[in-house]
Amino acid sequence: MSAQVTVSVSGSPRELAAGTTAADLFADDRAVIVARVDGELRDLTHELTGGEEVEPVTAADPEGLAVLRHSTAHVLAQAVQATFKDARLGIGPPIKDGFYYDFDVETPFTPDDLKALDKAMQRLIKDGQTFRRRVVTDDEARAELAAEPYKLELIGLKGGNGDAEGADVEVGAGELTIYDNLNRKGEVAWKDLCRGPHVPTTKMIGNGFQLMRSAAAYWRGSEKNPQLQRIYGTAWATKDELKAYLDRLAEAERRDHRKLGTELDLFSFPDEIGSGLVVFHPKGGVIKRVMEDYVRNRHIEEGFQYVGTPHITKGGLFETSGHLPYYADTMFPPMQLENSEYYLKAMNCPMHNLIFRSRGRSYRELPLRLFEFGSVYRYEKSGVVHGLTRVRGLTQDDSHSYVTPEQAPDEIRHLLKFVTGLLSDFGLDDYYLELSTRSDDPAKKDKFVGSDEDWAKATEVLRTVAEESGAQLVPDPGGAAFYGPKISVQAKDAIGRTWQMSTIQYDFNQPKGFGLEFAAADGTRQQPVMIHSAKFGSLERFFGVLVEHYAGAFPPWLAPVQAVGIPVTDDHVPYLNDVAGKLRAAGVRVEVDDSDDRMPKKIRTHTKQKVPFMLIVGDDDVAKGAVSFRFRDGSQDNGVPIDDAIERITEAIRTRAQV
RNA sequence: GCCCGCUUAGCUCAGUUGGCCAGAGCAGCUGUCUUGUAAACAGCAGGUCAUCGGUUCGAAUCCGAUAGCGGGCUCCA
C-alpha cells in the first residue's frame with residue numbers, strides 16, 4: 001500500500017508515498033499554483049509516479065502567471081455563459097499582460113455588460129471553485145460540447161498545426177481534456193474544452209484582475225471567418241501588480257504623441273486634408289528639420305550621395321519593380337493622364353534604380369550609395385491609420401546601396417553600425433534586431449519572389465552580420481518583403497515599449513527586374529545586389545516615437561524652443577533681450593516672454609511647454625551680470641554669469657545631452 | 001476593409017427622461033496692476049452642437065447615411 005517512490009524536487013531527491021500529488025508536495029507554500037514536472041506544466045492534482053523532476057511554479061514565474069491568466073479567462077467565460085445563455089465559446093488564451101476570451105453572441109457586449117461580468121466573476125472567484133482535469137476521447141468531447149460549434153471545430157484540428165493564435169491552449173497535440181469547474185458543493189458548475197493546466201482554485205485569482213474592453217475579432221484570425229466578440233482582461237498575482245500595470249497604462253496615455261502633439265503645438269491632422277495626412281506646425285517643424293539635418297549630414301559622412309525623385313510616376317515603373325502585382329491595393333488608385341496611368345509613389349527604390357541605370361556603371365563606383373527623403377503615399381486601410389505611427393503620407397530617409405555580392409556583408413555591417421549610432425544619438429540605446437525571412441508555409445510562398453538558393457544566401461548574409469553585431473536577434477519568419485529578407489531594429493522606449501524603426505533589406509530581385517549591371521574588373525557585365533535601408537524608417541513615425549520616449553520633454557538639441565527668458569518685471573526685458581541676442585548669435589533657439597503675465601505664470605506656461613532652459617532675470621541678476629536658471633523639474637541655479645550660462649546651454653545642445 | 005464606441009468654442013469638458021436666446025475653465029483679445037520661481041484682477045469676444053437627411057408642434061438630445069477620431073481584428077513593401 002505505502003509503496004515509496006523517489007522524485008527530484010527542485011534538484012534534491014525526495015522519498016514519497018506512491019500517489020502523492022504535486023499539491024501534497026507543495027502543501028506548505030500557498031503561492032504555488034502549478035508544478036513543472038519533467039519540464040511540462042501540470043495541475044497540482046497531478047500524481048507523481050516516481051522518477052520525475054518536480055519544481056513548484058508560482059505566479060512570479062512568467063509561465064505561472066500565464067496559467068493564472070488562462071484560468072481567469074475561464075472564469076470570464078463561465079460568467080459570460082451564466083449571463084448570456086446563448087453565448088458560444090471561441091478561444092481564451094493568456095496574452096501579454098492579461099488574457100482574452102472570444103464569444104459568439106447575438107449583440108456585442110456593452111461597457112455595462114463588462115461591469116456586470118466583472119461582478120459575476122468576483123462571485124465565482126469568492127466561491128472558490130476548483131478546476132478538475134478530465135481526459136476524454138474525441139467522441140466524448142464531441143458529445144459533451146455538441147452545443148459549442150467552435151470547440152467542435154477545434155477538436156477537428158487537434159494535433160494539426162495550431163494555425164489559430166491561441167488555439168493550442170484549448171487543444172494540445174496530445175490527449176484531449178475537459179476542465180470542470182466544481183463549485184463549493186462539488187457540483188460541476190461549468191466546463192470547457194481545455195488543455196490546461198489551471199490554478200487549483202479560483203481563490204488564487206484574488207483581486208488582481210480587471211476586464212478592460214471588448215472588441216470584435218475574426219474567428220481563427222482570418223477576415224474570411226465570422227467575427228466574434230472578444231473581451232480583454234488583465235490579471236496579476238497581486239492587487240499591487242494590477243495597480244502597477246494600470247499605472248503603466250496611465251503613463252502611456254500621458255505620453256501619447258497625439259495628445260502631446262496638440263498640447264505642444266507640434267502637428268495636427270486636419271480633416272480637410274484627409275485621414276492619415278499630417279501637417280507639422282512651426283514647433284514640430286523645428287524638430288523635423290533638426291532630424292532631417294542630422295540624418296542628411298550623417299548619410300553624407302557615411303558615403304551616401306543625396307538625390308531627389310518625384311512623388312508620382314507612370315505605373316510601368318512599379319510593374320518593372322514588381323511592386324504593382326503585390327501591393328496595388330495599398331497604393332492610391334492611379335490617375336489617367338495622356339494615355340498613361342500615373343501612381344503616387346509608394347516606395348523610392350525603383351526611382352533610385354533608374355538613377356543607377358542612367359549611365360554605365362563600373363565596379364570602381366561600388367558601393368554606390370544613393371539617399372533621399374522620399375515622400376511616399378500608401379493607401380492604408382481606414383481602420384489602421386493611427387496618429388503619426390501609421391499614416392498615409394510619409395517621408396522615408398531611404399537609401400539604396402548598390403554593391404557586388406562580395407561587398408554585401410561589409411555594407412550591411414556598415415549600415416547596421418550607422419543605424420545603431422543614429423538611434424543612440426536620439427536617446428534610444430536599448431534595442432534588439434529582428435530577422436524577417438520568407439515564410440516556410442508553401443501556401444504563402446507566392447508572396448515572395450526569387451529562387452530558394454537566392455533567399456537562403458541573402459538570409460544567411462543578414463543573419464551572420466546580425467549575429468556578429470552582438471545584439472539580440474529575434475527571428476520573424478514570414479515577415480520579409482516580397483523581394484528579400486530584412487533586418488529591422490526594434491528600439492525600446494523610455495517605458496519599455498518596442499517600435500520597429502530602422503530596416504536593412506537585402507534585394508537580389510529588383511536588380512534583375514531593372515537589368516542593373518556594372519562592368520567588372522575583367523570586363524564582364526555583372527549584376528549588383530541592392531541593399532535598402534531606412535534609418536528613421538518613417539520620419540513621421542520616428543517623430544511620434546520620440547515624442548512618447550521623451551514625454552514631450554525633448555533634450556535641448558531637439559527642443560523647438562531651447563531657452564526662454566522670463567523677466568521678473570517689464571524693466572528686465574531689455575537686459576533679457578540682450579542675453580537672448582547673444583544666445584541667438586550662438587545658434588540657440590531662444591525667446592523672451594515679454595507678455596503681460598506675472599512671472600510665476602510665465603514659469604508655469606513654459607514648464608508646461610517643456611522648455612529645457614528658463615532664464616529668469618530680476619534686479620539681483622542684472623546687478624551681477626547674471627541669469628537664473630530654472631529647469632523643467634523645478635530645480636534652479638541662480639546668479640549664473642551670462643557667459644557661463646551661454647556656454648552651459650550651447651554645451652548641452654552640442655553634446656545632445658538631456659537636462 | 002470589419003465590429004463597437006465617440007464627435008458641443010482653439011483645448012478640456014457640463015448640458016437632467018427632446019421644451020424659453022447652449023454653459024464652464026483654460027487659451028485669445030482689451031484694460032488695470034509692476035510683480036523673484038507652476039495660474040494677479042476685471043471685462044470682451046468666441047459655437048449653423050461634425051456634415052447631410054428624417055421623425056416631431058419642437059432635436060445638441062431620437063432614427064438613418066456620410067466623414068473624422070478612438071479601441072480592437074485583419075493588414076503593414
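Chain naming here is simple, since letters A, B, ... match the order of the sequence lines and numbering starts at 1 in each.
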Give a yes/no answer on whether the side chain of [X] brings an N or O atom under 4.0 Å of OP1 or OP2 in [N].
{"X": "A/R630", "N": "B/A38", "value": "yes"}
{"X": "A/K608", "N": "B/U12", "value": "no"}
{"X": "A/K602", "N": "B/A40", "value": "no"}
{"X": "A/S382", "N": "B/G1", "value": "yes"}
{"X": "A/H386", "N": "B/G71", "value": "yes"}
{"X": "A/R213", "N": "B/C3", "value": "no"}
{"X": "A/R258", "N": "B/G70", "value": "yes"}

Using whole Å, report how far [atom1] of [X] lies from [atom2] of [N].
{"X": "A/Q229", "N": "B/C73", "atom1": "CD", "atom2": "P", "value": "13 Å"}
{"X": "A/K624", "N": "B/G36", "atom1": "NZ", "atom2": "P", "value": "17 Å"}
{"X": "A/K486", "N": "B/A77", "atom1": "NZ", "atom2": "C1'", "value": "8 Å"}
{"X": "A/R230", "N": "B/C2", "atom1": "CZ", "atom2": "P", "value": "19 Å"}

Classify the side chain of [X] versus the base of [N] as yes if they form a donor-acceptor pair under 3.5 Å and no if they do not.
{"X": "A/Q227", "N": "B/C2", "value": "yes"}
{"X": "A/T605", "N": "B/A38", "value": "no"}
{"X": "A/N638", "N": "B/G36", "value": "no"}
{"X": "A/T569", "N": "B/G36", "value": "no"}
{"X": "A/Y218", "N": "B/G72", "value": "no"}

Any base atoms under 4.0 Å from [X], or only sugar-phosphate, or nothing? Heavy atoms, all strands.
{"X": "A/K259", "answer": "nothing"}
{"X": "A/Y326", "answer": "nothing"}
{"X": "A/D570", "answer": "base"}
{"X": "A/A480", "answer": "nothing"}
{"X": "A/E263", "answer": "nothing"}

Subject >> Flag, side chain of A/R378 to backbone of A/A346, donor-acceptor distance under 3.5 Å >> reply: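 Present.
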Subject >> Main-chain N/O of A/G374 paired to A/D398 side chain as donor or acceptor, under 3.5 Å >> reply: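 Judged by distance alone, no pair lies under 3.5 Å.
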Original post:
Nearest of B/A77, B/G36, B/G72 to any side-chain atom of A/R378?
Top reply: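 My answer, after comparing the listed nucleotides, is B/A77.
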**OP:** Verify whether one side chain among A/N638 and A/Q636 offers a donor that lies under 3.5 Å from an acceptor in the other.
**Re:**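 Yes - a donor-acceptor pair under 3.5 Å links their side chains.
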Subject >> Atom NZ of A/K457 with >12 non-hydrogen neighbours under 6.0 angstrom >> reply: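 It does not: A/K457 NZ has 12 such atoms or fewer within range.
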Original post:
Using 4.0 Å as the upper bound for N to carboxylate O, is an ion pair formed by A/E251 and A/R254?
Top reply: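 Yes, charged N to carboxylate O under 4.0 Å.
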Original post:
Who are the ring pair (Phe, Tyr, Trp, His ring centres under 6.0 Å) partners of A/Y326, not counting sequence neighbours?
Top reply: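 A/F482.
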Subject >> Residue matched to B/C75 through Watson-Crick or wobble contacts both under 3.5 angstrom >> reply: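 B/C75 is unpaired by these criteria.
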